[in-house]
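What follows is a single structure, written as structure tokens, with notes after it.
Bear in mind that the values here come from a model prediction, so they are computed numbers and not experimental data. Order of listing sets the numbers, starting from 1, for every ligand and every atom in it.
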Amino acid sequence: MKPVSTTLNIQIIMKVPKSALGAFVSVILLSIFFANIINLISTTLVHPKDHTKERFFKIGDKFDNLIWILQITDIHVSIFQDPSRITEFKEFCHYTIDRIRPSLVLASGDLTDAKTKDAIGSQQHEPEWRHYRDILKEYDITNKTRWLDIRGNHDNFNVADIKSKQNYFSNYSVQGKEHPRSYMIQLRKGKILYSFIGVDACLEPGPRRPFNFVGVIDEAEVQQINKLIKKAGESGSNYTIWFGHFPTSCILSSGSENIRDLIKKDKNGMVYVCGHLHTLGGLIPSMYSMQKGGFLELELGDWKDNRMYRLLTIDHGMFSFVDIPHRSWPVGVVTNPKHALFLNPLKENLENIQQSTHIRVLAFSLARIRTVRVRVDHEPWTDCKHIKGPLYVVSWDPQRYSSGLHQIELFVKDIDGRELYKSQPFSLDGTRLSFGVLPRIALMSNASDIFQGFFISTVIIYSLPLFLLKYFHNSILGNEKRLKARDNCLNKWLKKLWVLTTVDRIFWPVILYPIYLMIGPWSVGYIVEDHIGVIFAWGIFVNGAFLPGSFTYMYGFIQLVTFQLPFTLIMVNLIYYRFQQLSLKSGKKLKWKESVWLHLPFSVVFTTQVIMAYLFWLAYGALAFFLGPLRTWSLVLASVLYFWALHLPENHLRKATEVLLTEDDPSQAEVYLEPTKSEKNS
Ligand SMILES: *[C@@H]1O[C@H](CO)[C@@H](O)[C@H](O)[C@H]1NC(C)=O
Ligand SMILES: *[C@@H]1O[C@H](CO)[C@@H](O)[C@H](O)[C@H]1NC(C)=O
């Protein structure tokens, strides 16, 4: 009887029913995975009570029930980089604040850059903080508006705790003396009380970068924030604007509640504004979403490179905002009817728009404003009347637009000829638009979970096939099936991989190293000031504190992708090369060109790792470099393994020979495997 020839791929490992089962399980797992993702980023609101009834206001042409404020984030005042960052920040403090005259400015963290000159290491520089303080003083900011600054991760690089001398925030910022961490400032305008709650999720202690990327609120911070919410409620506050440096996706909680649940508890919470992600380098310029707890979350592009700032306004209970590049004038925002995308049915009463008598616009410019015009749905343009301050209005009949989406266009021109034109959708029946998928993922997921997912799944994807091949090596030999390799790339690689798994001396180090990365210490060094700490994938111990793992996982993932995976492929190739060299008994010397080709990939990967190890030195110092299994020791390990593989004695390849007998013809050796004994007999 002729045995069925089986192609050398995974199917020989899994018999058909098993593979069908495997496929079935994979489909189920994938569906669960995607269902979870979709659920995670769905913007269906879940909130116990609807408070909008209390928020009915007749919107007319009066200059009341109105507040406008500014936000600026990630200023990164630096003594090494980009001096225009500072000079333009002066312009912001001068012209922008003078023209807009906001009731208040939120400066949501990363006030200073705190990097060393090489831009890799990190520490607090007092001169940067002095710049920050002096600029605010020079332009008399605290006399013109209220400046609410809060720390970001950069303001917390290498800061052991808030009492540390390195915590310059407490000396040089506006709020730091009185409010070292999360705080609330309230502002009364007319009959309305506005609350501003700042969330400080900075790590304590604050490591040097890069392991200081994701924030944490501990139980003490959770209790402090709960206190602020209670205080806001008891004081009869009408609206809360939440701000902080980190998006909620980048705030872990080691306390009893997470940040989204906390903000959700605040029935007046309209919005949480933050920075930190710098629009992900321009990938997500409009990083906005609606959280399930019934508040908007809006990330603002950085001042550092993008020179962005934000105007936020609450006009008769309706929240609007606009993100503006520095020096772009005029600035204008239509507050009624507000932008349909940002309607919050749990916090805003739609009847406000339906029963309003006027379209309302706030407009600002460097020079006096000459014209403010609007038009709805391509009807003729109408001029708005100036009421007071930045407020311009024109009467309208909202009943004409009672269903579906409509468009409102705004045109503003100042006496110097600067012009603004913009167009936005609105709706009176609550028709909502949906936020983009990327912003939703960035703001509604949990960064730590994503990093951890990347890391762990890479370890599994990496080690599982190797283990399987090793395990099935014996059973395949036992089955004495004929193995015929098709001459395609995948099978070739599979075959080579297989050879590697039979060489124990190489296999075990190669497979155990990534597993070690999941468990063991990565490095020991000066993590914060002069405190020695230990870094693991799952967290950092330093100065008597434990910081849960988060960005560490991302770092581990990068290590796997840039080093472990390519290195393993190189070893696979090298051992197969050695195997052929021995089995073909070809003692011939490599030509220099072949030699280069053989060693080039390793040189590239090795050099990259040397550079990464050097960057690690810059980040955490010499001690962390030398006591570093993650970076430095992996270089040693790789060199040893590479040397071993090059000089592997024949007896180490015996097992491989059992499976992969090659024919005399070296070209055939690549393609066919020798029939086993039983088949020859049949
Ligand atoms: C605030 O501004 C007023 C008027 O311009 C000025 O007289 C006063 O000295 C300023 N206060 C501070 C603290 O700079
Ligand atoms: C502001 O809140 C207080 C207390 O909840 C309430 O009595 C008052 O009517 C509110 N005012 C406005 C204008 O919403």
Could you check [atom] against the protein and tell me its nearest heavy-atom contact, residue, atom and distance included?
| atom | value |
| --- | --- |
| atom 14 (O) of ligand 2 | Asn238 ND2, 3.0 Å |
| atom 4 (C) of ligand 2 | Gly236 O, 3.8 Å |
| atom 13 (C) of ligand 2 | Phe57 CE2, 3.6 Å |

Q.
Between Lys144 and Asp98 (salt bridge meaning N to carboxylate O under 4.0 Å), is one present in this structure?
A.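 Salt bridge flag = yes for Asp98 with Lys144.
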Q: State plainly whether the residues Arg373 and Glu409 are in salt-bridge range, i.e. N to O under 4.0 Å.
A: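 Looking at Arg373 and Glu409, the cut-off is not met.
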Q.
Less than 4.0 Å from atom 2 (O) of ligand 2, is there any heavy atom belonging to the protein?
A.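 Under the 4.0 Å cut-off, atom 2 (O) of ligand 2 does have protein heavy-atom neighbours.
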Q: Using a distance threshold of 4.0 Å (strictly less than), state whether atom 7 (O) of ligand 2 has a protein heavy-atom neighbour.
A: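 Under 4.0 Å from atom 7 (O) of ligand 2, zero protein heavy atoms found.
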(Q) Can you confirm whether Glu379 is buried at CD, in the sense that more than 12 heavy atoms of other residues, nucleotides or ligands lie under 6.0 Å from that atom? (A)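 Atom CD in Glu379 is crowded, with more than 12 foreign heavy atoms closer than 6.0 Å.
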Q: Tell me, yes or no, whether the heavy-atom count around Lys385 atom NZ, taken from other residues, nucleotides or ligands under 6.0 Å, exceeds 12.
A: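 No, because the 6.0 Å sphere around NZ of Lys385 holds 12 heavy atoms or fewer from other groups.
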Q. Polar-atom distance check: Tyr239 versus ligand 2, any N or O pair below 3.5 Å?
A.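 By distance alone, the answer is no.
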Q: Please name the pair of heavy atoms, one in Ser249 and one in Ala442, separated by the smallest distance, quoted to 0.1 Å.
A: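 Closest approach of Ser249 to Ala442: OG-O, 2.7 Å.
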Q.
When you compare the side chain of Arg55 with that of Asn268, does any pair of heavy atoms fall below 4.5 Å?
A.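 The answer is yes, as the side chains (C-beta and beyond) meet within the 4.5 Å cut-off.
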Q. Which is it for Asn65 and ligand 2 at heavy atoms under 4.0 Å: side chain, backbone, both or neither?
A.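 Answer for Asn65: neither.
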